[in-house]
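A short worksheet on the structure shown next.
This one's a predicted model, so the numbers in the text were calculated from it and none came from an experiment. Residue numbers start from 1 in every chain, and the chains themselves are labelled A, B, ... in the order their sequence lines are given, proteins ahead of strands. The figures here come from the full heavy-atom set of this structure, side chains too, leaving out hydrogens, waters and symmetry mates.
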Amino acid sequence: MRAAARGADGGGDDRAGACRSRAAAPGGDGITEPLRYDHAHVEARWQRFWDEHQTWKAVRSTDGRPKKYVLDMFPYPSGAGLHVGHPEGYTATDILSRYFRMRGVDVLHPMGWDAFGLPAEQHAIETGTHPARTTAENIATFKRQLKVLGFSYDWSREIDTTDPGYVKWTQWIFLQLFHRGLAYQDEALVNWCPALGTVLANEEVVDGKSERGGHLVVRNPLRQWMLRITAYAERLLDDLALVDWPRGTLTMQREWIGRSEGAEIVFAVAGQEGKQIAVFTTRPDTLMGVTYMVLAPEHPLVREVTTSAQRRGVDAYVAAAARKSDRDRTAAARDKTGVPTGGFVVHPITGQRVPIWVADYVLGGYGTGAVMAVPGHDERDFAFARAFGLPVVEVVSPDGQEHTHLDAAFTDDGVAVRSGEFNGLATAACQAAVVDKLEAIGRGKRTVTYKLRDWVFSRQRYWGEPIPIYFRVELDDPRGDPRRGARHVIRHDQPIAVDERELPLRLPDLLEYRPGDDPAGPLARVADWRFFQKDGRWFARETNTMPQWAGSCWYYLRFLDPKNDAEPWSEKAYDAWMPVDLYVGGAEHAVLHLLYARFWHKVLFDAGRVKHPEPFMKLVHQGMILGEDSEKMSKSRGNVINPDDIVREFGADVLRLYEMFMGPLDAVKPWQSAQILGVARFRDRFYAVATRELSDAIDADTRKKLHKTIEKVTRDVEAMAFNTAISAMMVFLTDLAAHERPPREGVLALTLLLSPFAPHVAEEAWKHLGHERSLAYEPWPAYDETLTIDETQEMPVQVNGKVRGHVTLPRGAPESVAREASLGVAGVRAAMGGKAIRRFVYVPDTIINVVV
RNA sequence: GCCGGUGUGGUGAAACUGGCAUACACGCUGGACUCAAAAUCCAGUGCCCGCAAGGGCGUAGGGGUUCGACUCCCCUCACCGGCACCA
């Protein structure tokens, strides 16, 4: 396949005249006159050529050459079409893919569509158009827009997460999770909006009302599918050491996982035999300073510890907390609220009674949902104690002395005081001693807690992968038909996996996508789809669907073997290309997508389906491109740039060059239309120089510049410093253009260097320079190290740190020579003013500094 | 509030490991070509003083380390992004 591409001729209809259609310089003689460049014509022709010759088909050689898997985060094909932010990362990976091919590396560089998603469903609700149709149209638009940019994707591997052939394997992976006990059902609190008949995400809820429409939202417990990602917390944390990712992203993942070491301490409830409350604390050394206990409002023991005298207050407080969204509950972070329960626990060491309060500053979902409050040494507990007049006791002292008054919580390490047998111990030692004691008396143990929570994996939506699970249906009347409304009970407590041979489980077509009033989602209404009979018994399908994350959790694996119908990917395909060597995408996915995909990968690792503990070896985030006003691009601001417009006016090569020339790939940078002219001129100047009459000789100076340029561009491409690589090529082009007849050797090399950045113009020039074949697999130019180093070096001479002159010395000249030469410079002598030299700093080939 | 990032000409930016601050590009000024314009090409362009030679200042602000700091350390300010009572 590749041989065909490599051996193919330059193809097509082109003759000089075809690409000079706009040249027609009046009076030009047409022979030495440089050619004008018609980007629309040339780019379309090369894109057709690459397609026809399958130039970018990824083929793994058997000759032991290296491979690179270069992956973009695949887009959600929105109705708005491509945005200038998309081509930024895509151009970067394309440059590297093309560069690697020229270095003799096998490259897998695929593209596909993350095509399930809310907008298509929303559109269906509003217009009745089937989401599959909207999705197909959007994909067509995106694909057309990407193709005109000339990216070297292997389109034969294109995938679409909504394709039944893909859904089949997403469901298959879900079943692997299910069979391994990692997918389970639980009641989870969700934001249910009865008026909209749907469940809303946290960010869609503002002040207890829906963002759209302002309808009431209630927090209802709803049966949900959960994935046990917490079982992988430790490995997700530890294996971050194996990857080459941006530091900030690693930090965010670590904090999201939120590992915390401490102790679980058990307090007996006073007067209630056998009842106890466990707390988690990172500071067991402050145990002797506990003055009260706090339960989260949703803690299961709240009712039981509440005395009848406090019941009304507690019930009201708990009910009010349940109405608040997570956002609201944490927004008013400063004012502490809470109520006493009237109940007490017994301190495990002193035996003293400690009052139990309920307060929503304690979170039900973290740790044990209860804390031992130590106001002397925790800021939140201190604020709460102040607000409610609870006692504050110092048990950790900065200086080992007891202090009678605390103005604020002392949260640093110190020395234990007022702590009985633990007095005088430093914080670390005290923690160990307290936990040892608790373990000895059976009242506590060392534990590790994570902030990471299990992943709510079901959505009450239509446009997602159906969860391949069904349940037994129990009918009051055994001959009844649940599709016709016969009374029945669905045994959700006994989930049954759909047989793998029956996958994919397809979505039914709907006429009405509106969610309706059933929180089980639109699929619950499709009785003919939902209920089915097997062996004379009735069953009901799961009507929840998977979240959009599902498809993107494993798409990099499907690219390996996208047409395989017998398995998700073959071992051979896996061995050929995995792991992903470079992954480029937005920083907004720093946590969720990247954590979920790593989790699935580890599950597949345990199932023996993948062989590397981590999927993405190197990760790079492209920076956001802002509008010309330096604001985020948005329709409402009217500052959106459409890549189609840029391509039409200047061509794909110019858009690619511009986006790479703007600045460092990972920097946030504003779009500046005026700057595009600079790279457009560069492209046109390059083509003009390449099509001039060339010289077969090359002078020594240009030769040196050539080799320095190759060295610089090579280093910069490897470091993904594309802006400076382009700058180096601009400088070299200016050098070439200064020759009446530019040296052919230099033009040829520059054409190859430029080709990953601006492939169309480079191919066109390459052909003009007499080549029959595409340059896609030409060897990358090599440089001679010795030619990149000059024999002499001009160096600044400073006097007391200020530059006062320059000297040119042979490389590595001895200090004595440097000294003599510098002191001979008039400006240096003048600046020294006859003063004695205190020190002579000489860094060979770099700088001279005379200190007087 | 916490965490992370950024701050360099009129503008986007460059400066490898502490070694000539401002490469490359835009813009601007002047010139060439042209009847003219566009396009293209050439030259200049950090700020201040000066006719000039030359000098001084200059990488958000202040301090420090160093022969030497955009780069390392401390403090302050501004902007951007993320997270928000995680015991």
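- Using Watson-Crick or G-U wobble geometry with both donor-acceptor distances under 3.5 Å, rA78(B) finds its partner in rU6(B).
- Expressed to the nearest 0.5 Å, how far CG of Leu733(A) lies from CG of Leu754(A) amounts to 9.0 Å.
- Between atom CH2 of residue Trp357(A) and atom CE of residue Met293(A) there is a gap of 14.5 Å, rounded to the nearest 0.5 Å.
- Atom CD of Glu628(A) sits in a crowded spot, with more than 12 heavy atoms from other residues, nucleotides or ligands closer than 6.0 Å.
- Within the structure, every side-chain polar atom (N or O) of Tyr361(A) is placed at least 4.0 Å from both OP1 and OP2 of rA87(B).
- The nucleotide whose nearest atom lies closest to any side-chain atom of Ala674(A) is, among rA25(B), rC26(B), rA87(B), rC26(B).
- The separation of rU71(B) from rG18(B), taken at their P atoms, amounts to 11 Å, rounded to a whole angstrom.
- The same atom, P, is picked in rC47(B) and in rG64(B); the two are 29 Å apart, to the nearest Å.
- Using modelled atom types and a 3.5 Å distance limit, the side chains of Tyr361(A) and Asp381(A) yield a donor-acceptor pair.
- Taking the P atoms as reference points, rA37(B) lies 29 Å from rC24(B), given to the whole Å.
- Base-pair partner of rA52(B): not found among the strands shown (Watson-Crick or G-U wobble, both distances under 3.5 Å).
- Val731(A) comes within 4.0 angstrom of sugar-phosphate atoms only, judged by non-hydrogen atoms across all strands, and of no base.
- Thr449(A) comes within 4.0 angstrom of nothing in the nucleic acid, heavy atoms only.
- With salt bridges taken as basic N to acidic carboxylate O contacts below 4.0 Å, one links Glu88(A) and Lys669(A).
- Pairing for rG1(B) goes to rC83(B), judged as Watson-Crick or G-U wobble with the two contacts each under 3.5 Å.
- Put simply, Lys802(A) has a side-chain N or O that comes within less than 4.0 Å of OP1 or OP2 on rC57(B).
- Note: CZ (Arg819(A)) to C1' (rC67(B)) measures 13 Å, nearest angstrom.
- Looking at the side chain of Pro670(A), the nearest of the listed nucleotides rC85(B), rC41(B), rG12(B) is rG12(B).
- Nearest nucleotide to the side chain of Tyr366(A), out of rG19(B), rA87(B), rA14(B): rA87(B).
- At whole-Å resolution of the value, CD in Glu255(A) and C1' in rC2(B) are 9 Å apart.
- Side chains of Val395(A) and His377(A) form a contact here, defined as non-hydrogen atoms less than 4.5 Å apart.
- Val807(A) and Ala821(A) get closest at one heavy-atom pair: CG1-O, 3.7 Å.
- With a 3.5 Å ceiling on both atom-pair distances, rA69(B) lacks any Watson-Crick or G-U wobble partner.
- Spacing of P atoms, rU66(B) relative to rU11(B), comes out at 35 Å, to the nearest Å.
- Distances were taken from every side-chain heavy atom of Val362(A) (C-beta onward) to each of rA87(B), rG12(B), rC41(B); the shortest belongs to rA87(B).
- Heavy atoms of Met252(A) sit under 4.0 angstrom from primed sugar atoms or phosphate atoms, though from no base atom.
- A cation-pi arrangement is absent between Lys336(A) and Phe384(A), since the terminal nitrogen or guanidinium carbon is not both under 6.0 Å from the aromatic centre and inside a 45° cone about the axis.
- A salt bridge does not link Asp653(A) with Arg683(A): none of the charged nitrogens is closer than 4.0 Å to a carboxylate oxygen.
- Of the two residues near RNA chain B, Thr337(A) and Val841(A), the one whose nearest nucleotide lies more 5' is Val841(A).
- Comparing rC79(B) with rC41(B), their C1' atoms sit 41 Å apart, to the nearest whole Å.
- Within the nucleic acid shown, Glu379(A) has no heavy atom closer than 4.0 Å to any nucleic acid atom.
- Contacts of residues 842-852 of chain A with RNA chain B (heavy atom under 4.0 Å): Val843(A), Thr846(A), Ile847(A), Asn849(A), Val851(A).
- Rounded to whole Å, the distance from CD1 on Ile676(A) to P on rC24(B) is 21 Å.
- Rounded to a whole Å, the CG atom of Asp735(A) is 10 Å from the P atom of rC24(B).
- Considering only side-chain atoms of Gln798(A), the nucleotide from rG19(B), rC26(B), rC24(B) that sits closest is rG19(B).
- The stretch residues 708-719 of chain A has no heavy atom under 4.0 Å from RNA chain B, so no residue of it qualifies as close.
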Under 3.5 Å, which donor-acceptor pairs do the side chains of residues 252-264 of chain A form with other protein atoms, sequence neighbours left out?
residue	atom	partner	partner atom	Å
Gln253(A)	OE1	Arg598(A)	NH1	2.8
Gln253(A)	NE2	Ala590(A)	O	2.9
Arg259(A)	NE	Glu234(A)	OE2	3.1
Arg259(A)	NH1	Glu261(A)	OE2	2.7

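- Base orientation of rG9(B): syn, the glycosidic angle falling within 90° of 0.
- Taking only side-chain atoms of Leu677(A), from C-beta outward, the nucleotide of rC24(B), rA13(B), rG27(B) with the closest atom is rG27(B).
- When the nucleotides rG19(B), rC26(B), rA87(B) are ranked by their closest atom to the side chain of Gln675(A), rC26(B) comes out on top.
- Summary of the strand contacts: Ser630(A) and Met372(A) both lie near RNA chain B, and taking for each the nucleotide with the nearest heavy atom, the more 5' one is attributed to Ser630(A).
- Out of rA13(B), rA87(B), rA14(B), the shortest distance to the side chain of Phe280(A) is found at rA87(B).
- In this structure, OG in Ser727(A) is found 9.5 Å from CZ in Phe682(A), a value given to the nearest 0.5 Å.
- Contacts of Lys451(A) with the nucleic acid, taken as non-hydrogen atoms under 4.0 Å apart, include base atoms.
- Distance OH (Tyr658(A)) to C1' (rA13(B)): 11 Å, rounded to an integer number of Å.
- An OP1 or OP2 oxygen of rU40(B) is reached within less than 4.0 angstrom by a side-chain nitrogen or oxygen of Arg681(A).
- An OP1 or OP2 oxygen of rA87(B) is reached within less than 4.0 angstrom by a side-chain nitrogen or oxygen of Ser260(A).
- If you check every strand for non-hydrogen atoms under 4.0 Å, Asn723(A) touches sugar and phosphate atoms only.
- Nucleotide rG12(B) holds its C1' atom 18 Å from the CZ atom of Phe722(A), rounded to whole Å.
- To the nearest 0.5 Å, the span separating CG on Asp845(A) from CD on Glu794(A) amounts to 13.0 Å.
- Other residues, nucleotides and ligands contribute more than 12 heavy atoms inside 6.0 Å of the CD atom of Glu815(A).
- Rounded to whole angstrom, the span from the NE2 atom of His377(A) across to the P atom of rA87(B) amounts to 17 Å.
- Nearest nucleotide to the Pro664(A) side chain, out of rA13(B), rG19(B), rC85(B): rA13(B).
- Of the candidate nucleotides rG55(B), rC24(B), rG12(B), rG55(B) has the atom nearest to the side chain of Arg804(A).
- Pair assignment for rA43(B): rU29(B), on the basis of Watson-Crick or G-U wobble contacts that are both within less than 3.5 Å.
- Taking 4.5 Å as the limit, some side-chain heavy atom of Val852(A) sits within range of a side-chain heavy atom of Val799(A).
- Whole-Å rounding puts the Lys669(A) NZ to rC26(B) C1' distance at 17 Å.
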